[in-house]
Amino acid sequence: MNQFELTGKVAIVTGCSGGLGQGMVLALVGAGCSVVGVSTSRPHDTIEKVQQAGGKFLSLQADLTYTKEIPDIIEQTVSTFGKVDILVNNAGIIRRNPAIDFTEQDWDDVMDINLRTAFFLSQAVARQFIAQGSGGKIINIASMLSFQGGINVPSYTASKSGIAGLTRAMANEWASHGINVNAIAPGYMATNNTKALQADSDRNQAILDRIPAGRWGTPEDLAGPCVFLASKASDYINGYTIAVDGGWLAR
Ligand code: NAD
């Protein structure tokens, strides 16, 4: 099944210090990629795990609240590995507050990183893909709240609904350049992002009761879908958001 082979490919993964981003870094390294991991602080645990796997990894520190960080990310990737083939827009945050009390700060912080920077980084990477003339793969990390409204997370829902729309919009414009833009919508995954939910025993039980697979997802659950969307195996998939949710949306 060498359609899934990524040897010699170069991927940028944002938000790689732990959780789903780390899981996807390790999946891409396992499939043969060299990976540039972007995070706010040095991702020691990810670096150690990539070393154990014998992978090639460049760690870049950047605050993706701001788009001014983008040119340096492209420059460092190309100067280190010669090109870029894959972008995973994974970095993201959530703020929980009822819509009636929600602040502009909690709106802007979430929208800036989850949607604004994800778009402008995709634009910069797509320009690089077009200059290279070799196509490329962009994988956005969406959410169940790309499909549903959620409770107490209005800016997160707006950003993740927006990313699903942007996935289609970018896919339409860039498919003719051999660029595939798709998204993965993780279900309820046990990471920092959902610590508050896991700690609330009533919410935790209600969530588990609704998941047909009967468990929280893990970073490893994204490995296969991520490699698939990064590889030749998905060359005719454009603008689609794949749910990886243990059946949550099927209920
Ligand atoms: P996490 O909090 O463990 O990881 C978030 C990552 O984003 C971290 O590596 C963090 O360092 C990085 N990040 C945050 N702010 C940043 C900034 N300003 N600049 C650069 N990097 C920054 O949570 P996670 O669950 O692994 O989340 C990863 C992605 O998956 C997010 O986009 C999240 O919205 C999405 N997601 C998570 C779940 C879930 O259940 N955990 C479900 C659906 C979608």
Side-chain angles (χ1 to χ4, degrees), residues 12-27 35-47 49 59-70 72-73 87-96 105-106 108-122 138-148 150 153 155-164 166-167 183-200 203-204 207-208 210-211 213 215-223 225-226 241-246 248-249:
I12 299 172
V13 179
T14 66
C16 65
S17 55
L20 305 182
Q22 182 185 82
M24 290 187 283
V25 166
L26 295 174
V35 177
V36 177
V38 186
S39 52
T40 37
S41 57
R42 199 165 162 77
H44 297 287
D45 191 45
T46 303
I47 291 171
K49 288 186 166 125
S59 166
L60 296 182
Q61 271 62 72
D63 182 349
L64 295 175
T65 313
Y66 309 104
T67 53
K68 66 177 165 49
E69 309 272 13
I70 292 172
D72 189 55
I73 295 171
L87 167 67
V88 182
N89 278 311
N90 166 74
I93 58 170
I94 192 164
R95 295 279 164 77
R96 296 178 194 279
Q105 190 73 55
D106 282 344
D108 289 344
D109 289 351
V110 171
M111 294 297 273
D112 282 350
I113 174 162
N114 292 16
L115 194 58
R116 190 169 189 276
T117 299
F119 172 69
F120 285 104
L121 181 56
S122 301
I138 297 176
I139 303 169
N140 295 317
I141 302 306
S143 164
M144 295 296 93
L145 302 188
S146 302
F147 304 97
Q148 302 177 310
V153 286
S155 60
Y156 189 80
T157 302
S159 71
K160 295 298 184 179
S161 300
I163 205 78
L166 256 185
T167 297
I184 294 171
Y188 284 80
M189 316 299 276
T191 68
N192 279 339
N193 177 290
T194 51
K195 262 205 172 125
L197 292 179
Q198 295 170 66
D200 177 335
R203 285 297 303 280
N204 186 52
I207 286 166
L208 283 177
R210 214 208 114 136
I211 301 173
R215 64 169 176 85
W216 285 78
T218 66
E220 292 75 33
D221 288 318
L222 293 196
C226 176
T241 298
I242 299 179
V244 181
D245 65 350
W248 175 275
L249 285 180

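Sequence positions, counted from 1, serve as the residue numbers for this chain. Numbering of ligands and ligand atoms starts at 1, following listing order.
- S122 pairs by the side-chain hydrogen bond (donor to acceptor under 3.5 Å, both in side chains) definition with N89, not counting sequence neighbours.
- Contact check for P43 versus Q61: side-chain heavy atoms found under the 4.5 Å cut-off.
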List the steps and the verdict of side-chain contact (heavy atoms from CB on, under 4.5 Å) for R95 and Y156. CA-CA 7 Å; R95 295 279 164 77; Y156 189 80; over 6 Å; no
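- I211 places a side-chain heavy atom less than 4.5 Å from the side chain of I207.
- Pocket lining of ligand 1, defined as residues with a non-hydrogen atom under 4.0 Å away: G15, C16, S17, G19, L20, T40, A62, D63, L64, T65, N90, A91, G92, I93, I113, I141, A142, S143, Y156, K160, P186, G187, Y188, M189, T191, N192, N193, T194.
- Taking a cutoff of 4.0 Å between a charged side-chain nitrogen and a carboxylate oxygen, D63 and K68 do not qualify as a salt bridge.
- Of the candidates T14, D108, I93, I93 is the only one forming a side-chain contact (heavy atoms from CB on, under 4.5 Å) with I113.
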